[in-house]
A.B. asks: 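Shown below is the structure under consideration.
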2 protein chains.
Amino acid sequence: MLSQKAKYALRALIVLASRPDRALSAAAVAEAARVPTKFLEQILGELRVAGLVASQRGRHGGYRLARPAESITFAAVIRLVDGPIAPLPCLSQTAYRRCADCADEANCAIRRAFADVVVASRQALDATTIAAARDFDPAPPLATVPDR
Amino acid sequence: MLSQKAKYALRALIVLASRPDRALSAAAVAEAARVPTKFLEQILGELRVAGLVASQRGRHGGYRLARPAESITFAAVIRLVDGPIAPLPCLSQTAYRRCADCADEANCAIRRAFADVVVASRQALDATTIAAARDFDPAPPLATVPDR
DNA sequence: CGAATATCCTAGCTCGTCAATCGGGTTTTC
DNA sequence: GAAAACCCGATTGACGAGCTAGGATATTCG
């Protein structure tokens with residue numbers, strides 16, 4: 001299951017990608033992306049540390065994408081927020097761990113079945129960018145936020 | 001993430017599939033599949049209710065597959081134990097639910113990206129059966145259980 | 001300057017789920 | 001009638017998910 005938090009992160013990034021020209025406050029993003037404001041603040045903090053968004057403090061501050069929307073993949077966002085994409089630790093590219101109770105990894109039928117799953121998942125999530133998502137689902141134009 | 005319980009269920013079924021001729025006690029399966037015995041009892045109970053295994057009570061009782069191992073897919077087992085395979089409720093075949101906070105399902109970019117993921121996952125897990133898994137990973141021959 | 005508006009940071013809270021374990025009850029066989 | 005097995009409900013402890021609270025800090029504007 002994709003976590004709620006990951007959905008929020010993706011939606012927030014899509015909102016930011018729809019207004020690359022200016023910084024949006026957490027409150028504005030929260031409204032447009034339908035995310036609890038305080039929770040979103042936390043999430044944007046993580047995205048900032050990871051280098052996906054840049055922030056400007058103080059009055060008229062806010063967040064904007066730190067990189068082109070074309071370069072931010074769903075896979076990257078989900079890994080950041082939810083951790084590895086693989087359904088088994090022994091199939092993770094970015095955080096491989098042996099399954100604790102696995103007798104023989106090479107001959108594990110479960111691992112084998114999920115190897116196909118994870119390849120397809122990664123393929124789909126690497127191929128989808130925030131830019132593509134923004135273009136597919138044009139978010140409402142932030143009518144409530146004055147242009148100052 | 002595939003739950004521990006689902007792994008246990010799959011391993012247990014593979015063990016049972018390797019001895020279709022006789023009933024195996026929960027304790028014997030537990031040892032061969034490396035699953036805590038009492039926990040396995042619970043799992044086997046669920047598999048029985050679902051019609052995947054049959055049980056025989058009393059002395060010399062035990063469990064055996066209720067259907068040919070070729071007809072039991074990973075997808076069926078995982079759905080039974082972990083619930084829907086889809087990473088979003090709005091993409092589940094067997095338990096569709098609208099995402100609570102989804103504004104417009106048809107135009108949801110997240111849903112769109114995961115549609116590909118779920119199709120591939122289902123395809124892989126429907127294609128893998130307990131029989132195939134048993135043949136791929138020949139479990140140890142239950143040396144510790146006397147043949148009576 | 002100082003008030004307003006923002007981000008930043010840490011802590012904590014409430015649920016629900018996961019992964020078991022416990023303690024018995026019931027059935028069947030020898 | 002005792003042993004070996006399944007059957008069943010309750011409980012437990014750890015953990016993470018999904019928030020909320022409360023302030024500290026930075027920036028801008030009048």
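Reminder, nothing fancy here: chain letters follow the sequence lines and each chain counts from 1. All values below come from the heavy atoms of this structure, side chains included, with hydrogens, waters and symmetry mates left out.
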A.B. asks: What is the distance, to the nearest angstrom, from the CG atom on B/Leu44 to the P atom on D/dA5?
C.D. replies: 14 Å
A.B. asks: If I take atom CD in residue B/Glu41 and atom C1' in nucleotide D/dA5, what distance separates them, rounded to the nearest angstrom?
C.D. replies: 9 Å
A.B. asks: Given atom CD of B/Glu46 and atom P of D/dG9, what is their separation to the nearest angstrom?
C.D. replies: 12 Å
A.B. asks: State whether B/Ser55 places a side-chain N or O below 4.0 Å from either non-bridging phosphate oxygen (OP1 or OP2) of D/dC7.
C.D. replies: yes
A.B. asks: Just wondering, more than 12 heavy atoms not from A/Arg97 lying within 6.0 Å of its CZ?
C.D. replies: no
A.B. asks: Between B/Arg64 (CZ) and D/dA5 (C1'), how many Å, whole number?
C.D. replies: 14 Å
A.B. asks: Looking across every strand, which nucleic acid part, if any, lies under 4.0 Å from B/Ala26 by heavy atom: base, sugar-phosphate, or nothing?
C.D. replies: sugar-phosphate
A.B. asks: Could you check B/Arg57 against A/Arg57 and say which one's nearest nucleotide on DNA chain D is further toward the 5' end?
C.D. replies: B/Arg57
A.B. asks: Only one of B/Arg11, B/Arg34, B/Lys7 clears side-chain hydrogen bond (donor to acceptor under 3.5 Å, both in side chains) with A/Asp101; which?
C.D. replies: B/Arg11
A.B. asks: For the side chain of A/Arg48, starting at C-beta, report the closest nucleotide among C/dC9, C/dA6, C/dT5.
C.D. replies: C/dC9
A.B. asks: Roughly how many Å is it from NZ in B/Lys38 to P in D/dA10, rounded to a whole number?
C.D. replies: 15 Å
A.B. asks: In whole angstroms, how far is the P atom of D/dT20 from the CG atom of A/Leu40?
C.D. replies: 12 Å
A.B. asks: With rounding to the nearest 0.5 Å, note down the distance linking CZ in B/Arg22 to CD in B/Gln56.
C.D. replies: 13.0 Å
A.B. asks: For residues 85-96 of chain A, tabulate all N or O donor-acceptor pairs below 3.5 Å that involve a side-chain atom, not counting sequence neighbours.
C.D. replies:
residue: A/Ser92; atom: OG; partner: A/Thr94; partner atom: N; Å: 3.3
residue: A/Ser92; atom: OG; partner: A/Ala95; partner atom: N; Å: 2.8
residue: A/Tyr96; atom: OH; partner: A/Glu105; partner atom: OE1; Å: 2.9
residue: A/Tyr96; atom: OH; partner: A/Glu105; partner atom: OE2; Å: 3.1

A.B. asks: Closest heavy-atom contact between A/Ala66 and A/Ala54?
C.D. replies: CB-N, 3.8 Å
A.B. asks: Under 3.5 Å, side chain of A/Arg19 to main-chain N/O of A/Leu24, donor-acceptor pair present?
C.D. replies: no
A.B. asks: Rounded to whole Å, please give me the gap between OH in A/Tyr63 and P in C/dA6.
C.D. replies: 12 Å
A.B. asks: Base, sugar-phosphate alone, or nothing: which one does A/Gln42 contact when heavy atoms must sit under 4.0 Å apart?
C.D. replies: base
A.B. asks: Would you check if there is a donor-acceptor pair between the side chains of B/Asp116 and A/Gln123 at a distance under 3.5 Å?
C.D. replies: no
A.B. asks: Reading nucleotides 12-18 of chain D from the 5' end, what letters show protein touch, with B for base, S for backbone sugar-phosphate only, - for no heavy atom under 4.0 Å?
C.D. replies: ------S
A.B. asks: Given D/dT27, is OP1 or OP2 found less than 4.0 Å from the side-chain N or O atoms of A/His60?
C.D. replies: no
A.B. asks: Please state how far atom CD in A/Gln56 lies from atom C1' in C/dT5, giving the value in whole angstrom units.
C.D. replies: 12 Å
